[in-house]
A.B. asks: 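Okay, here's the structure, questions in a sec.
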Amino acid sequence: MICLLNFTPIKADLLERYGGVAPKMAEEAHLLAIDQVVQDALDKANITEEDLSAVAVTIGPGLSLCLRVGVSKARKLAGTHILPIVGVHHMEAHALVARLVQRDLQFPFMALLISGGHNLLILARDLGHYIQLGTTIDDAIGEAYDKTAKWLGLDMKKSGGPAVEELAREGDENSIKFKVPMKQHKDCNFSYAGLKTQVRLAIESKKIDAATPVASASVEDRRARADIAASFQRVAVLHLEEKCKRAINWAFKIEPSIKHLVLSGGVACNQYVRSRLNTIAEQNRLQLVCPPPSLCTDNGVMIAWTGIEHFRMGRYDPPPPACEPADAMLDLRPRWPLGEEYAEGRSEARSLKTARVHPSLTSQIQASIHCHRQPGHFAPWTKPISAVPSPKREEQRRSGRTVRQSPSPDGGRKPLRWSRLPELPSRSLLEDDCRCSSGEDAVNLEVVGSRRKVVEIHSRRRRWLRFHLKSGATNIECFHSKLL
Ligand code: KG4
Ligand code: ZN
């Protein structure tokens, strides 16, 4: 089981109160909520921290102050319970959650990911292997929806997008002729900054006062606001449609076998967006896969699911130290591309956001796969292991009901077979005297032949233990593969 972290209510609350997300306030709100959010997720799943088998957490992209809160909590949890940890890419999670809702969704597929901070068109070739066909050169579509809502004096309780969508239903979408962005660019990139300015000017010219909530506006005033909302939405989505059509053509050239177009991210909750993109998908003989709204907006399930996908492939980091200092350097990736830019898609309008701190997720995974093929090379993400079914899950599966975990009949002293020691620096280390640093008296470690690299452990309840090899090598982790 992977822990779920869900911050959606915090973001909506900040948007409502301040009309945006100020980093310092966002950090404070995260700090105040994090423990309760995790506890609620565990309660909802009817489990405790002891039942977890791994922890997944978003490490980027995003505001580093907020990422830090989540990552610190996740590391504390993983360190305390000696659990592996999976660092997740936020946008990959938006795409992969579609594979949770539609289990036959196989790679390769195309995805349009639209949220408050990102507009991405990607070709997902495999798990962790993405080609970026298009991105935004300034603002994302969600940001344009949020600002439009704020300037129109709409209720931001559920963020700006839903409010604009609702009001747009009353308006005439052809009443204002906003210009479709980037018509002259034959690429798949997006730009919403110009459309935002067009909307602001239209609002000013109609003398709409955002201080008067739309609920108390006169009939004509409300009508004018609805026309702007509808006209904005038509052009904002037309921009998505045009770029998506071109991206599908490019994707077919690279992967002629694609069958699905995934539409995800907060803006994908919008019914108008869904229906327009469905038409584009059908025209290209693709099936549109759109997760339900609760899984399109930021949510913990998508992070947990992406964690599971990588965990199954053996891509995870070993448990962090139990007592990590509060000011420890954390691996946060505020700017972290998902994949490399498609050569044909290099924008003539250069992105303002090209200053990247980290290599893309795709290049990192490809490098780790390559490294692993080199003899004697140790990479933190190693060979696949099979996930161990937790005794509780097994019990639930058999009985078909949710129960609290009961102690095993032997008092929890089940012997565990651990296999796959990580690649060790040298064979002689294995022959050294080993001692267990976990402090558990019921532990008994036995190295069964240095060549086979198999150890047997008897532990009271833990499935993860940390060892010191006397020779001075630092912690070496042992991963289990099956219960005896
Ligand atoms: O993916 P998300 O929850 O968070 C980010 O990663 O940014 O997306 C949030 C964005 C917000 O800008 C919000 O206004 C927008 O998704 N959104 C919508 C709708 N629901 C949420 N935009 C348009 N129509 C909606 N129904
Ligand atoms: Zn998101």
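Counting convention: from 1, in listed order, for ligands and their atoms alike. Residue numbers start at 1 and run along the sequence shown.
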A.B. asks: Tell me every residue that passes side-chain hydrogen bond (donor to acceptor under 3.5 Å, both in side chains) with D172, counting only those two or more places apart in sequence or in another chain.
C.D. replies: none
A.B. asks: Using a heavy-atom cut-off of under 4.0 Å, does the side chain or the backbone of H90 touch ligand 1, or both, or neither?
C.D. replies: side chain
A.B. asks: Hey, is the Zn ion (ligand 2) within less than 2.8 Å of some N/O/S atom on H94?
C.D. replies: yes
A.B. asks: Any Lys/Arg nitrogen of K150 or D146 sitting under 4.0 Å from an Asp/Glu carboxylate oxygen of the other?
C.D. replies: no
A.B. asks: Would G265 count as a polar contact of ligand 1, with the cut-off being nitrogen or oxygen pairs under 3.5 Å?
C.D. replies: no
A.B. asks: With heavy-atom distances below 4.5 Å as the criterion, would you say the side chains of K259 and L105 are in contact?
C.D. replies: no
A.B. asks: Can you classify the ring geometry of H239 versus F190 as parallel (below 30°), tilted (30 to 60°) or perpendicular (above 60°)?
C.D. replies: perpendicular
A.B. asks: Backbone or side chain, does any N or O of N270 fall under 3.5 Å from an N or O of ligand 1?
C.D. replies: yes
A.B. asks: Of the backbone atoms (N, CA, C, O) and the side-chain heavy atoms from C-beta on, which set of D298 has a member under 4.0 Å from an atom of ligand 1: side chain, backbone, both, or neither?
C.D. replies: both
A.B. asks: I need the atoms of ligand 1 closer than 4.0 Å to a non-hydrogen atom of G117, numbered in the order shown.
C.D. replies: 7 (O)
A.B. asks: Using distance alone, decide if ligand 1 has a nitrogen or oxygen within less than 3.5 Å of any nitrogen or oxygen in T297.
C.D. replies: no
A.B. asks: Check K183 with E242, please: is the shortest side-chain N to carboxylate O separation under 4.0 Å?
C.D. replies: yes
A.B. asks: So do L286 and F252 actually touch side chain to side chain, heavy atoms under 4.5 Å?
C.D. replies: yes
A.B. asks: Looking at L112, L238, N119, D187, which one forms a side-chain contact (heavy atoms from CB on, under 4.5 Å) with K243?
C.D. replies: D187
A.B. asks: Hey, which atoms in ligand 1 end up nearer than 4.0 Å to a heavy atom of D146?
C.D. replies: 11 (C), 12 (O), 13 (C), 14 (O)
A.B. asks: As an exercise, identify every atom of ligand 1 less than 4.0 angstrom from a heavy atom of G142.
C.D. replies: 12 (O)
A.B. asks: Which of the listed options, V267, N299, T58, V273, holds the heavy atom that is closest to atom 15 (C) of ligand 1?
C.D. replies: V267
A.B. asks: From the N, O or S atoms in D298, identify the one nearest to the Zn ion (ligand 2).
C.D. replies: OD1
A.B. asks: Indicate yes or no: does an N/O atom of E143 lie under 3.5 Å from an N/O atom of ligand 1?
C.D. replies: no
A.B. asks: Please identify which atoms of ligand 1 are closer than 4.0 Å to at least one heavy atom of H94.
C.D. replies: 1 (O), 6 (O)
A.B. asks: Salt bridge check, R200 against E204: does any charged N sit closer than 4.0 Å to a carboxylate O?
C.D. replies: yes
A.B. asks: Got a salt bridge between D40 and K44, using NZ or NE/NH1/NH2 to carboxylate O under 4.0 Å?
C.D. replies: no
A.B. asks: Salt bridge check: are K24 and E27 linked by an N-O gap of less than 4.0 Å?
C.D. replies: yes
A.B. asks: Would you please determine whether M91 falls within less than 4.0 Å of ligand 1 on a heavy-atom basis?
C.D. replies: no
A.B. asks: Any idea which part of H118 is under 4.0 Å from ligand 1, heavy-atom wise: side chain, backbone, both or neither?
C.D. replies: neither
A.B. asks: As a check for students: among G116, A93, S159, identify the option with a heavy atom nearest to atom 13 (C) of ligand 1.
C.D. replies: S159
A.B. asks: Relative to each other, are the rings of H89 and W336 parallel, tilted or perpendicular (30° and 60° limits)?
C.D. replies: tilted
A.B. asks: Using heavy-atom distances only, which candidate in G161, P61, A236, G266 approaches atom 20 (N) of ligand 1 most closely?
C.D. replies: G266
